[in-house]
Amino acid sequence: AQSVSQHNHHVILSEAASLELGCNYSYGGTVNLFWYVQYPGQHLQLLLKYFSGDPLVKGIKGFEAEFIKSKFSFNLRKPSVQWSDTAEYFCAVKIYNQGGKLIFGQGTELSVKP
Amino acid sequence: DTAVSQTPKYLVTQMGNDKSIKCEQNLGHDTMYWYKQDSKKFLKIMFSYNNKELIINETVPNRFSPKSPDKAHLNLHINSLELGDSAVYFCASSQATGTTEAFFGQGTRLTVV
């Protein structure tokens with residue numbers, strides 16, 4: 001079955017630390033990849049997306065992600081986190097020709113200590 | 001200028017009641033979705049409509065019935081509410097089903113008591 005796995009359930013960092021959140025998916029065909037962020041009590045907002053081309057994609061707020069097709073991975077990175085990055089982060093995969101549905105990972109809660 | 005708006009934001013109701021959640025998007029998208037986020041924050045698709053036609057219906061109980069009067073609206077009606085229906089329900093929309101991202105509403109927190 002198609003699935004998305006996020007490696008970390010809860011990550012705690014101090015401000016200015018570097019962040020890497022892992023995401024792997026299980027599907028061998030064409031996919032679109034996304035990272036969404038959910039700030040406390042709010043809706044999901046798109047951080048970045050990969051459709052094709054350069055596997056290193058840059059998103060909002062200094063986030064970037066790298067698509068490694070051979071590893072079925074799409075890890076999220078940020079060189080220096082801020083307290084305001086405290087949120088839940090979701091990796092999602094859209095599989096070609098499946099009606100546009102997103103398959104989400106279980107989410108990673110990021111807590112940044114000031 | 002909210003892109004995807006849902007009402008209500010909070011809904012508290014008793015078991016056995018019937019309730020509806022409304023969703024509207026002003027992005028001109030032709031595909032709309034309902035997702036359920038459970039207490040562990042796991043998100044799973046429930047339904048998807050493309051141009052008012054149902055195209056995705058995941059294994060959701062028959063008590064849940066989506067209705068799309070036009071491509072800008074997708075409502076969710078829930079009959080005979082159960083405790084396990086308590087969750088946050090997110091509406092989303094995207095342009096077609098191809099290489100586009102989905103935009104999400106602010107969510108409806110449903111609590112069944």
Side-chain angles (χ1 to χ4, degrees), chain A residues 1-6 8-11 21 23 25 29-53 57 59-60 65 67 74 86-111, chain B residues 2-7 9-10 21 23 25 27 29-51 53-60 66 68 71 74 87-109:
Chain A
Q2 300 137 4
S3 64
V4 178
S5 175
Q6 291 182 236
N8 312 98
H9 181 62
H10 191 187
V11 173
L21 301 182
C23 172
Y25 64 94
T30 304
V31 295
N32 299 150
L33 297 156
F34 307 86
W35 276 96
Y36 282 87
V37 60
Q38 186 178 28
Y39 297 104
Q42 295 191 26
H43 65 290
L44 285 91
Q45 301 173 42
L46 183 69
L47 267 182
L48 47 76
K49 60 193 176 189
Y50 173 79
F51 293 148
S52 63
V57 292
I60 61 171
F67 171 49
F74 190 56
T86 295
E88 191 89 19
Y89 291 80
F90 293 94
C91 180
V93 168
K94 183 162 72 172
I95 293 171
Y96 184 70
N97 264 348
Q98 285 204 5
K101 73 176 181 182
L102 291 171
I103 302 170
F104 283 90
Q106 65 270 45
T108 297
E109 182 182 354
L110 173 65
S111 299
Chain B
T2 306
V4 183
S5 60
Q6 297 177 228
T7 53
K9 191 172 181 180
Y10 300 97
I21 307 171
C23 179
Q25 54 94 3
L27 297 165
H29 290 163
D30 54 11
T31 306
M32 295 184 72
Y33 313 83
W34 278 109
Y35 286 85
K36 180 180 179 181
Q37 186 174 45
D38 63 22
S39 59
K40 295 184 179 179
K41 298 203 174 178
F42 182 64
L43 280 149
K44 192 170 192 298
I45 192 161
M46 300 173 69
F47 301 104
S48 171
Y49 271 75
N50 179 261
N51 279 321
E53 183 181 342
L54 180 67
I55 56 171
I56 293 175
N57 184 349
E58 296 287 295
T59 50
V60 178
S68 181
K71 70 176 192 178
L74 180 61
V88 182
Y89 293 84
F90 285 100
C91 179
S93 73
S94 69
Q95 185 55 42
T97 57
T99 312
T100 57
E101 69 263 32
F103 293 80
F104 284 80
Q106 74 274 32
T108 296
R109 182 174 293 277

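Reminder, nothing fancy here: chain letters follow the sequence lines and each chain counts from 1.
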Exercise. Mind ranking B/Lys44, B/Glu58, B/Gln37 by heavy-atom pairs under 4.5 Å with chain A and telling me who comes out on top?
Key: B/Gln37

Quiz item: By a 4.5 Å heavy-atom criterion (distance strictly below it), what part of A/Gln38 contacts chain B: side chain, backbone, both, or neither?
Solution: side chain

Quiz item: OH/B/Tyr35 to CG/A/Leu44 distance, rounded to the nearest 0.5 angstrom?
Solution: 10.0 Å

Exercise. Hey, could you give me the CD/CG distance between A/Gln106 and B/Asp38, rounded to the nearest 0.5 Å?
Key: 11.5 Å

Exercise. Could you tell me the separation between the NZ atom of A/Lys94 and the OG1 atom of B/Thr100, rounded to the nearest 0.5 Å?
Key: 3.5 Å

Practice problem: Could you tell me which portion of A/Lys101 (side chain, backbone, both or neither) has an atom closer than 4.5 angstrom to a non-hydrogen atom of chain B? | Solution: both

Quiz item: Atom NZ in B/Lys41, atom OG1 in A/Thr108: separation rounded to 0.5 Å?
Solution: 11.5 Å

Exercise. Examine distances only and state if a side-chain atom of A/Tyr36 and a backbone atom of B/Phe104 form a donor-acceptor pair shorter than 3.5 Å.
Key: no

Quiz prompt | Residue pair B/Phe103 / A/His43, side-chain heavy-atom distance below 4.5 Å | solution = no

Quiz item: Counting heavy-atom pairs under 4.5 Å to chain B, which of A/Gln42, A/His9, A/Glu88 comes out on top?
Solution: A/Glu88

Practice problem: Count the heavy atoms belonging to other residues, nucleotides or ligands that lie under 6.0 Å from NE2 of A/His10, then report whether that count exceeds 12. | Solution: yes

Practice problem: Identify the two heavy atoms, one from A/Phe104 and one from B/Phe42, that lie closest to each other, and give their separation to 0.1 Å. | Solution: O-CE1, 3.5 Å

Exercise. With a 4.5 angstrom heavy-atom cut-off, could you sort out which part of B/Leu43 is near chain A: side chain, backbone, both or neither?
Key: both

Quiz prompt | Contacting region of A/Leu46 [heavy-atom separation from chain B under 4.5 Å] | solution = side chain

